[in-house]
Amino acid sequence: MSQKKFNLKLFVLLPLVLAITIFLWAVPTSFFGIEALTATQQRVIALFVFAALMWMFEIIPNWTTSLLIIVISLLTVSDKGIAFFCNPDAGVLVSYKSLMSAFADPIVMLFLGGFVLAIVASKYGLDVTLARVLLAPFGKNPRMVLLGFLLVISIFSMFMSNTATAAMMLALLAPVLSALPEGDKGKVGLTLAIPVAANVGGIGTPIGTPPNATAVKFLTEANFDVTFSSWSVRMIPFVLIMILIAWVLLQILFPFKAKEVVLNIRKDERKRDWKTIVVWITFIGTILLWATEKITGINSNVVALIPLGVLTACGIFTKEDIKEINWTVLWLVAGGFALGTCLQGTGLAKVLIEAIPFGDMNIIVVFIVAGLVCYFLSNFISNSATAALLIPILIVVATAMEAPEAASHDAFAALGGTQAMISFIAICASIAMLLPISTPPNAIASSTGMVSTKDMAKIGFILGVIGFVLGFFWLTKIFPFEVL
């Protein structure tokens, strides 16, 4: 970060955010115009705005903001907080155990298992081996190589961190780029294939990206049965359609000059021993268990801990490997869950919904506005943070509209109801990829120097519009949740 940007954030934005937060915290509850608003609910409003602004401007690292949210919540709105703030007169208090449990939420464990698989896959050469095998069928035609990268990256991103997938595939892409002639626009297309496929591919499974996990968490808590397989069966076809559209667009915008390209991916030469066999069996077995959750009855969150248990017991995943886990992502997600707990636990979410006449609004407008807000925010702040901010509120909005006594019940149900809306929000978070700062895969692609911000924004905007429209119709009309 440049010194000028650092000074702007520290001496201008930080005081501004603190001033807004303190103002919202200190004004009389009547200021908000919400009847029966309690002191604890007002504090959560201030905390919500603080989190949104801090995540948006990244004045401090996003995961640090998440930790602050948990700490401040424990001190000011929990049943074990500061006595001056946390007393019966302040309103309903949140259980401190529920706030602390955000660090070990089952969804956090799901991601932990995913990180472990990604680390051992790289450590034992599964990533290189799989990439070499999966790309080989696409031959030497540059257009088919591009399709190969898009498909392989999207598949990896369904089960691994998008960031790890992008970094891995970037290394495999280097020899391909060097084989293309100077000035070939196809190089730009191949480089952009990495963030495009990583971002879109993550939509395919509940563990593909944090917004998916957040959506599944809140849908499950609202008594909707969303399993690993039911999500994947619905979303993987959507991903494949988006990948094919991206393939065509990249060829149109960045056509290849070369007629042939040779994939030069070095075969992994490490000795195959019993540990490698265990890693392969564990990797494949975990994916199969995730995909057959309805058959086995084993929850996907429980399955995620199986590789951790097996691989540590065998000495394959060591204490040094633990350091490679992306703890910042886990803590970022935990902070979002804690904020959602505050919204629900203090009754603020319900109060806000009752204060806004959602039942009188056009249902399609609610879908579109919610999706646009999510898409806009996700281009400037973490997709995880965006989902963590919006989904806890929208899940309450959606369930209220779907209630049998609500005037909007029939119209909302016809569009797929709560499941469709929340899943649509998860899609909107993932298709936001306009800028290098929008997602880590975008930043990785930008770091090559091959891609300009203009080129990234061009493909990002077009795919964003297509993904937004297709996602809406896919979940409400083409493949609604009543199917399967």
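Computed from a predicted model, the values in this text were never measured in an experiment.
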S.K.: Less than 4.5 Å apart, any side-chain heavy atom of T286 and any of V303?
M.R.: yes
S.K.: If you look only at pairs with a residue in residues 453-468, which of them pass as a side-chain hydrogen bond (donor to acceptor under 3.5 Å, both in side chains), with sequence neighbours excluded?
M.R.: S452-D455
S.K.: Does the side chain of I427 reach to within under 4.5 Å of the side chain of M235, using non-hydrogen atoms?
M.R.: yes
S.K.: Please check this pair: side chain of R43 against backbone of V77, looking for a donor-acceptor N/O pair closer than 3.5 Å.
M.R.: no
S.K.: To the nearest 0.5 Å, what is the distance between OG (S232) and CG (N212)?
M.R.: 9.0 Å
S.K.: If I compare all heavy atoms of L18 with all of F50, which pair ends up nearest, and what's the gap?
M.R.: CD2-CE1, 4.2 Å
S.K.: Would you check, one step at a time, whether the test side-chain contact (heavy atoms from CB on, under 4.5 Å) holds for W25 with V49?
M.R.: CA-CA 10 Å; W25 187 293; V49 172; over 6 Å; no
S.K.: Under the side-chain contact (heavy atoms from CB on, under 4.5 Å) rule, what do I69 and T65 come out as? Steps first, then yes or no, please.
M.R.: CA-CA 6 Å; I69 291 167; T65 298; 4.2 Å; yes
S.K.: Could you grab the distance from atom CD1 of I252 to atom CD1 of I459, nearest 0.5 Å is fine?
M.R.: 9.0 Å
S.K.: Applying side-chain contact (heavy atoms from CB on, under 4.5 Å) to T418 and F412, what does each step give before you reach the verdict?
M.R.: CA-CA 8 Å; T418 302; F412 189 51; 3.9 Å; yes
S.K.: Just how far is it from atom CD1 of I34 to atom CD of Q42, taken to the nearest 0.5 Å?
M.R.: 10.0 Å
S.K.: Tabulate below the donor-acceptor pairs under 3.5 Å that side-chain atoms of residues 105-119 make, not counting sequence neighbours, or state none.
M.R.:
unit_1: D105; atom_1: OD1; unit_2: I107; atom_2: N; d: 2.9
unit_1: D105; atom_1: OD2; unit_2: K217; atom_2: NZ; d: 2.6

S.K.: What are the two closest non-hydrogen atoms of Q41 and T346, and how far apart are they?
M.R.: NE2-O, 2.8 Å
S.K.: Considering non-hydrogen atoms only, spot the tightest contact between T227 and P206 and give its length.
M.R.: O-CG, 4.4 Å
S.K.: Measuring only between side-chain heavy atoms, which start at C-beta, is F103 closer than 4.5 Å to L330?
M.R.: no
S.K.: Which residues satisfy the ring-ring contact (aromatic ring centres under 6.0 Å, His included) test with F23, sequence neighbours excluded?
M.R.: F31
S.K.: First locate atom CD1 of I363, then atom CD of E402, and finally report the distance between them rounded to the nearest 0.5 Å.
M.R.: 10.5 Å
S.K.: Taking only residues two or more places apart in sequence, or in another chain, which ones meet K323 in a side-chain hydrogen bond (donor to acceptor under 3.5 Å, both in side chains)?
M.R.: E320
S.K.: Listing request: all side-chain hydrogen bond (donor to acceptor under 3.5 Å, both in side chains) pairs with a residue in residues 193-206, at least two apart in sequence or in separate chains.
M.R.: N199-T439, N199-N442
S.K.: Return the minimal non-hydrogen interatomic distance between T386 and C374, and the atom names on each side.
M.R.: CG2-O, 3.6 Å
S.K.: Please answer whether the main-chain N or O of I203 pairs with a side-chain N or O of W231 as donor and acceptor at a distance below 3.5 Å.
M.R.: yes
S.K.: Show me the pairs that pass side-chain hydrogen bond (donor to acceptor under 3.5 Å, both in side chains) and involve residues 188-198, at least two apart or across chains.
M.R.: none
S.K.: Using the test ring-ring contact (aromatic ring centres under 6.0 Å, His included), find all partners of F468 that sit at least two apart in sequence or belong to another chain.
M.R.: F424
S.K.: Taking distance alone, no hydrogens or angles, what donor-acceptor pairs closer than 3.5 Å link side-chain atoms of residues 335-342 to residues at least two apart or in another chain?
M.R.:
unit_1: T341; atom_1: OG1; unit_2: F337; atom_2: O; d: 3.0

S.K.: With side chains defined as the heavy atoms from C-beta onward, is the minimum distance between R234 and F238 less than 4.5 Å?
M.R.: no
S.K.: Just jot down the side-chain hydrogen bond (donor to acceptor under 3.5 Å, both in side chains) partners of N162, sequence neighbours excluded, or say none.
M.R.: none
S.K.: Can you label the angle between the F367 ring and the F472 ring as parallel, tilted or perpendicular, going by 30° and 60°?
M.R.: perpendicular
S.K.: Measure from the side-chain N and O atoms of T399 to the backbone N and O of V396, and report whether any donor-acceptor pair falls under 3.5 Å.
M.R.: yes
S.K.: Taking the side chain as everything from C-beta on, heavy atoms only, tell me whether L332 gets closer than 4.5 Å to W55.
M.R.: yes
S.K.: Can you sort out the partners of Q344 under side-chain hydrogen bond (donor to acceptor under 3.5 Å, both in side chains), two or more places apart, ordered by chain and number?
M.R.: none
S.K.: My understanding is that only residues two or more places apart in sequence, or in another chain, count here; which of them pass side-chain hydrogen bond (donor to acceptor under 3.5 Å, both in side chains) with S101?
M.R.: none
S.K.: CZ/F149 to CG/L192 distance, rounded to the nearest 0.5 angstrom?
M.R.: 13.5 Å
S.K.: Heavy atoms, side chains only, cut-off 4.5 Å: are I393 and F48 in contact?
M.R.: yes
S.K.: To the nearest 0.5 Å, how far apart are CE in M54 and CG in L14?
M.R.: 5.5 Å
S.K.: If you compare all heavy atoms of I364 against all heavy atoms of L415, which two are closest, and at what distance to 0.1 Å?
M.R.: CG1-CD1, 3.9 Å
S.K.: Does the side chain of L475 reach to within under 4.5 Å of the side chain of Q419, using non-hydrogen atoms?
M.R.: no
S.K.: Could you walk me through whether W247 and M144 satisfy the side-chain contact (heavy atoms from CB on, under 4.5 Å) test, starting with their C-alpha distance in whole Å, then the side-chain angles of each, then the deciding distance to 0.1 Å, before giving a yes or no?
M.R.: CA-CA 9 Å; W247 180 50; M144 296 308 296; 4.2 Å; yes
S.K.: Kindly give the heavy-atom pair with the smallest separation between A432 and S378, and that separation in Å.
M.R.: CB-CB, 3.4 Å
S.K.: Tell me, do V216 and T220 make a side-chain contact under 4.5 Å, heavy atoms counted?
M.R.: yes
S.K.: Tell me every residue that passes side chain to side chain contact (heavy atoms under 4.5 Å, CB included) with A197, counting only those two or more places apart in sequence or in another chain.
M.R.: L150, I153, S154, I243
